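Computed from a predicted structure; not experimentally measured.
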Amino acid sequence: MSTITSLEDLIKQRFDALFLDVKEAQKVAINDGKPELNVIEVEQSKTARSLLRVEKQAIRQKDLNIKSDISFLNTITDQINIEVEIRLKESLEDTDILYSKIIGMDSSLPELLDLVGLKAATITRIEPIATELPWLFNDLLKYVNQAKYRRLDNKGKVRLVDTMRAGLNFFGLENLIIMLTSLAFKRSLPQITDPYPQIKLRIWEEALATAISCKQIASVVGVNKDHAFCLGMLQTMGKVVLSKLYFRLFESVLRDALVETQNAQKHEEHSALTRITPSGKFLNHLIDKYALNVSVKLIDKMAMRRVFIANAMSEVSSNNSLADLSPLALVLKQGKAYAQYRMLKEHKLIDLQQSKDFIRTLNMPKGSLDLLKRTDMHSLDLSINND
């Protein structure tokens, strides 16, 4: 049991590091989780050589000054983080704002996803609701007119899709839930996450890989593939919300603190505040603490009547044991874990033995691993509708 826990901790540590920065994550993996020497340790290592007494005393004094400065800076950072979390918890209480402003979910999207899932659905019925999404026309046509999907007419000229109806019909009704979910989710991604500019890409990679993994596992165990894909992607909404709110609130709290210390003439505190930057470690802590529950609330808010994913999301958020999970919830649990493994493998953050040991803990259904190994986690792999 302890071995499994240790392995899960290692996977989580490296995935959290990957979320923030690939190169830093690779350093962690190379050092096998051992921290690099900090400034103080580097300075102290210099005393290994023979030094004059005055040099040794100067280095000791410098070490003390650095320790004192770092300690003070950490204290100020902790105070900022405490206030950020207080404001964050207040923000998370208003699901309507999270839904409409932070994620930016269109009110028509759940209705559209429900309609597309009907066996009796037709493009004629879908198109009027689709036009209520102001962004869909441009995003959809941009997607279907990618070079890899372009078709030629009898004269060899490119046939561009230029109407909503043609765009909706391009991949066929059977792929519309996947298309609509992907396009809607991608619009919600955070844009400004400095000093961690890779966060936007990592969230998209995770959401897409999880959705694809869930879809493939669902096809093996007989669970609705569209629902599995939709759940796999939308379960990442909480991570989007936490990332967006954290960077916004950090700037707001820091700005208020700078004004307060300036007015109070607290020069030392003010100087320290100018050196503080957003903490990736603290962001990961907030995501661990709140993200899944936020996803539950947002999916509940969607109130879909035919895309049955809300209960499964709630089960996974409650951390039910594998034996107590419904089939769809188990698909999400396994799909999410497999997606993280594939991302770590792609970035060389997990070795062969660790991979084998981790995969063994997932209890994947028979036949799913062979299917997943052949699956591209970066592409929706949609076939053009030639009708």
| Can you tell me if D357 and Q353 form a side-chain donor-acceptor pair at under 3.5 Å? | yes
| task | Say whether, by atom type as modelled, one donor and one acceptor occur between the side chain of Q198 and the main chain of V22 under 3.5 angstrom. | result | yes
| said: Could you tell me if Q191 and K200 have a donor-acceptor pair between their side chains, going purely by distance under 3.5 Å? | reply: yes
| message | When you compare the side chains of S326 and E315, does any donor N or O come within less than 3.5 Å of an acceptor on the partner? | response | yes
| query | About how many Å separate OH of Y143 and OG of S182, when rounded to the nearest 0.5 Å? | reply | 7.0 Å
| side chain to side chain contact (heavy atoms under 4.5 Å, CB included) between Y246 and S279, worked out | CA-CA 10 Å; Y246 171 71; S279 166; 3.9 Å; yes
| remark: dist M377:CE -> L208:CG (nearest 0.5 Å) comes out at 9.0 Å
| request: Would you verify whether the NZ or CZ of K89 falls within 45 degrees of the ring axis of Y290 while also being under 6.0 Å from that six-membered ring's centre? | output: no
| query | Looking only at side chains, do T375 and Q216 share a donor and an acceptor under 3.5 Å apart? | reply | yes
| query | Is any side-chain heavy atom of T75 less than 4.5 Å from a side-chain heavy atom of D78? | reply | no
| message | Return the OG to CG distance between S107 and L112, rounded to the nearest 0.5 Å. | response | 11.0 Å
| Looking only at atom types and distance, does a side-chain atom of N284 sit under 3.5 Å from a main-chain N or O of D16, one as donor and one as acceptor? | yes
| request: Would you kindly confirm whether I102 and I192 end up in one hydrophobic cluster when ILVMFWY residues are joined by side chain heavy atoms under 4.5 Å apart? | output: no
| query | How long is the gap from OG on S91 to CZ on R248, to the nearest 0.5 Å? | reply | 9.5 Å
| said: The test is salt bridge (charged side-chain N to carboxylate O under 4.0 Å, His left out); show your working for R87 and E90 and say whether it passes. | reply: CA-CA 5 Å; R87 297 189 190 184; E90 292 174 357; over 6 Å; no
| request: Give the ring-plane orientation class for F171 versus Y149, where under 30° counts as parallel, over 60° as perpendicular and anything between as tilted. | output: perpendicular
| said: As an exercise, state the distance from CD1 of I199 to CG of L283, rounded to the nearest 0.5 Å. | reply: 5.0 Å
| task | Classify the angle between the aromatic ring planes of H227 and F308 as parallel (below 30°), tilted (30 to 60°) or perpendicular (above 60°). | result | perpendicular
| field | Check: D324/S321 side-chain N/O donor and acceptor closer than 3.5 Å | value | yes
| Out of curiosity, K215 NZ to L371 CG, how far, rounded to the nearest 0.5 Å? | 10.0 Å
| query | Judged by atom type as modelled, is there a donor-acceptor pair below 3.5 Å linking the side chain of T77 to the main-chain atoms of L73? | reply | yes
| message | For the backbone of L109 and the side chain of D106, can you confirm whether one donor and one acceptor N or O come within less than 3.5 Å of each other? | response | no
| Is the shortest distance from a Lys or Arg side-chain nitrogen in K266 or E260 to a carboxylate oxygen in the other one below 4.0 Å? | no
| remark: When Q340, R342, Q334, K336 are each screened for side chain to side chain donor-acceptor pair (under 3.5 Å) with Y338, the one that passes is R342
| note | Which of N319, L362, I217 passes side chain to side chain contact (heavy atoms under 4.5 Å, CB included) with K333? It is N319
| query | Is there a donor-acceptor contact under 3.5 Å linking the side chains of Q354 and R14? | reply | yes
